[in-house]
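Please read the structure below before turning to the comments.
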Number of protein chains: 2
Amino acid sequence: MTEKLAVQRHELILRAVRAHGTVRLPELVELLGVSAVTVRRDVTALADRGLVVRVHGGITMPRHAEPFPRGPQSVVGPAPTHPLVGMVAPSVEYYWPAVIQGAQTAVAAAGGRLVLRASSYDAGEDRRRVHELLDRGVQTLLVAPSTSGRAGVELMRWLGAQTVPVVLVERLPPPELPTIALDAAVTDHAIGAGLAVRHLATLGHRRIGLVTSRQSPHSDAIRAGWTTAVSSLELPFNGVPALDVPTYGSPQWTRAVDQVIDECLSADVHAVLVHADREAIGVLERARDRGLSVPADLAVVSYDDEVAAASDPPLTAVRPQKHRLGALAAQLALARLADPLDRPVHRVVLWPTLTVRESCGTEAGPA
Amino acid sequence: MTEKLAVQRHELILRAVRAHGTVRLPELVELLGVSAVTVRRDVTALADRGLVVRVHGGITMPRHAEPFPRGPQSVVGPAPTHPLVGMVAPSVEYYWPAVIQGAQTAVAAAGGRLVLRASSYDAGEDRRRVHELLDRGVQTLLVAPSTSGRAGVELMRWLGAQTVPVVLVERLPPPELPTIALDAAVTDHAIGAGLAVRHLATLGHRRIGLVTSRQSPHSDAIRAGWTTAVSSLELPFNGVPALDVPTYGSPQWTRAVDQVIDECLSADVHAVLVHADREAIGVLERARDRGLSVPADLAVVSYDDEVAAASDPPLTAVRPQKHRLGALAAQLALARLADPLDRPVHRVVLWPTLTVRESCGTEAGPA
DNA sequence: AACGAAACGATCAGAAACGATCGGGAGCGA
DNA sequence: TCGCTCCCGATCGTTTCTGATCGTTTCGTT
């Protein structure tokens, strides 16, 4: 391992500067075993990306900028003076708090106020909450409505007919209503599932299972992303489990998780993408109960990354950018408020990221 | 150790990169016992699928988000005060001037400067223009590259590997490269075509034809939107012309337009969506030459709305929001510049609008 | 304030890696 | 058997990376 790639040198430089705070250039020359001019070039490249700060004779850590990275880079125009923004979230316990905070931040930055109403994945209740907010006098609405069934379609139609601007959050109009001209900010969960599948494939897994939670609105997109990734990577489908499990804690829950593990064992599947942290943690626990070791016997990627970091072992997880999504939705609403007529429909899609922790190990077992 | 199949080599490459984190290309040549060019091909294939990352001299594991959010926002580089933004547009004569002006406005509003290079729907020239801009020292790039054929894929791959942020304008990565993590701002031309079809349907037309210009990158989307709108409205397809015409002014041009009108007459079609204003004006003129009256005998909706207002009669037209699109793309680029690492991929979709003028009348003739 | 050592930036040259193109051979179906 | 496609290797021109040199700037010491 004599010569090193440029990226390896960069990694070593960053590690050194993290360890010592400041590093002198000759030290790096010795550490990396390359000439001073090369080190200088590496350092310049890193400094260009803002990862280190050059000083005469060496480098230091960058001074952290303001704790909150600038007021939301307005993707949009100016807003009215003190807008009152309503928001209906289907839950305030899971996933949505970060979205709400993001929206809150953006609205506050614009000098407005966010009024929240919690609903519960039910079209009727969604509609009542919207009504309450309209009575309250909100000038624009952020809504994550229920989209299932006929009631969902009906609700969407109703939202599209409102006089105040409505922005959909993590929801899109159903294909039956292709012309509903609502702005929307959504996460591309299919890409997220693909991220997870690719990560597991890089680690050597070829048989990659899927577990989705039955009543989540995101299940379909995740399943679609899993399917396209598996097929575009030319991985096998046959026998690989792709299951739906009922709500965490429901009576059938334990049996369903057992079934997941049974199917994995019998189908020689040692890697699964599990939708929602709670379900993933359940799989983790049940696997341990049955004497399986994670990640050696079963690699798990979770989807959502709400509490994935706190599990044992910490779960590698796909992380939708919830805070940014909320902020984006609020900015869309404010921009629409400032320009209700001419402004065309905006649909913004954010990619999730993958956070690697320990639940997948570094290499597949003896596949 | 005879010859190995491609999949076996890929497996070995993945195993090597898992084991060491990074692998140099000559090492793989020795490991696999094949020539360097073959290894390079294998590596490119794996990188296209997102399983490894290519760097000069070898490959590394895909780098995902950091497991621990170390130093709060440690990498929010100082947003450059006077950013220099490069833009490559495929034309400066049609459609693109408004996009360019939009980008120019947004960049100027941020205190930066936009440097434009015109290309001509050619991958090679696109690449040369990008090169020029990089030499010029631009910090970020707005590009509307050619996406057709192998050269298009190659160009997109190259754009994805640039160190400066690149934002795609009116283009998306091809399905072969699902993991190219570039921001993009695009118009939903399928929705635009649907707008036109629905307008004509509202006026009483049921047999609605389509004319697209052969070499436009938007033709496919417009055709797809026309198809879904016609089928979702349960309008008839049989016998309704859906033609491609060659470039305006080319030798075959007149014949093609005549054919359009012939087919409309013989198929009892009195309404057409024509892609691109020039083509629509051509249809208008030829129809008048042949004694047809617009809109009484033939209702025409144009697509693009560049010069549609100035035709006789003024053309009802689908109008992509070009100015806004350019501004949006520039804002995406500037935001990415301020936060190159943490910021997730943004894909923004704008709907076109429909501008009603006189070329469709107020009601369908005696259909 | 002046001096010398160290660090820096710019430029040039050699080596390695890269992309594009052409040609040969194996496998497959007509 | 012919023709086709796909896969692999060789070659060539270009790009990128690395190290050496030289003149200039910066810093610390006197």
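Chain letters run A, B, ... following the sequence lines, proteins first, then strands; residues in each count from 1.
- With respect to B:T44, the side-chain hydrogen bond (donor to acceptor under 3.5 Å, both in side chains) criterion is satisfied by exactly one of B:R54, B:R157, B:R49, B:E154: B:R54.
- Summarising the geometry of B:L325 relative to B:E170, their closest heavy-atom pair is CD2-CG, 3.3 Å, with the distance given to 0.1 Å.
- Taken to the nearest 0.5 Å, the CG atom of A:L350 stands 11.0 Å off from the CZ atom of B:R347.
- Atom NE2 of B:H131 is separated from atom CD of B:Q162 by 7.0 Å, given to the nearest 0.5 angstrom.
- Here the straight-line distance linking atom CG of B:L182 with atom CZ of B:R171 works out to 14.0 Å at 0.5 Å rounding.
- In this structure, B:V29 reaches neither bases nor backbone, as no heavy-atom distance under 4.0 Å exists between it and the strands shown.
- Taking every nucleotide of DNA chain D with any atom under 4.0 Å from a non-hydrogen atom of chain A, the first and last of them, 5' to 3', are D:dT18 to D:dC27.
- Atom C1' of nucleotide C:dC18 and atom CZ of B:R41 are separated by 13 Å, given to the nearest angstrom.
- A salt bridge is defined here as a Lys NZ or Arg NE, NH1 or NH2 lying under 4.0 Å from an Asp or Glu carboxylate O, and A:R324 with B:D339 meets this definition.
- Distance check: A:D188 CG to B:H346 NE2 gives 13.0 Å after rounding to the nearest 0.5 Å.
- End-to-end axis angle for the helix from C:dA1-D:dT30 to C:dA30-D:dT1, using five pairs per end and rounding to 10°, comes out at 30°.
- Taking 4.0 angstrom as the limit, B:R54 places a side-chain polar atom (N or O) nearer than this to OP1 or OP2 of C:dG19.
- In this structure, A:D42 atom CG and C:dC8 atom C1' are separated by 16 Å, rounded to whole Å.
- Looking at B:T140, its side chain never comes within 3.5 Å of a backbone N or O of B:V85 through a donor-acceptor pair.
- Between the C1' atom of C:dA5 and the CG atom of A:L25 lies a distance of 15 Å, rounded to the nearest Å.
- Where A:H56 and A:G33 each meet DNA chain D at their nearest nucleotide, the meeting point lying more 5' is that of A:G33.
- At a threshold of 4.0 angstrom between heavy atoms, the contacts of A:R24 are confined to the sugar-phosphate backbone, with no base atom among them.
- Atom CZ in B:R40 sits roughly 16 Å away from atom P in C:dT21 (whole-Å rounding).
- Using a 4.0 Å heavy-atom cutoff across all strands shown, B:V39 reaches no nucleic acid atom at all.
- Salt-bridge check for B:R136 with B:E132: failed, with every basic side-chain N at 4.0 Å or more from each acidic carboxylate O.
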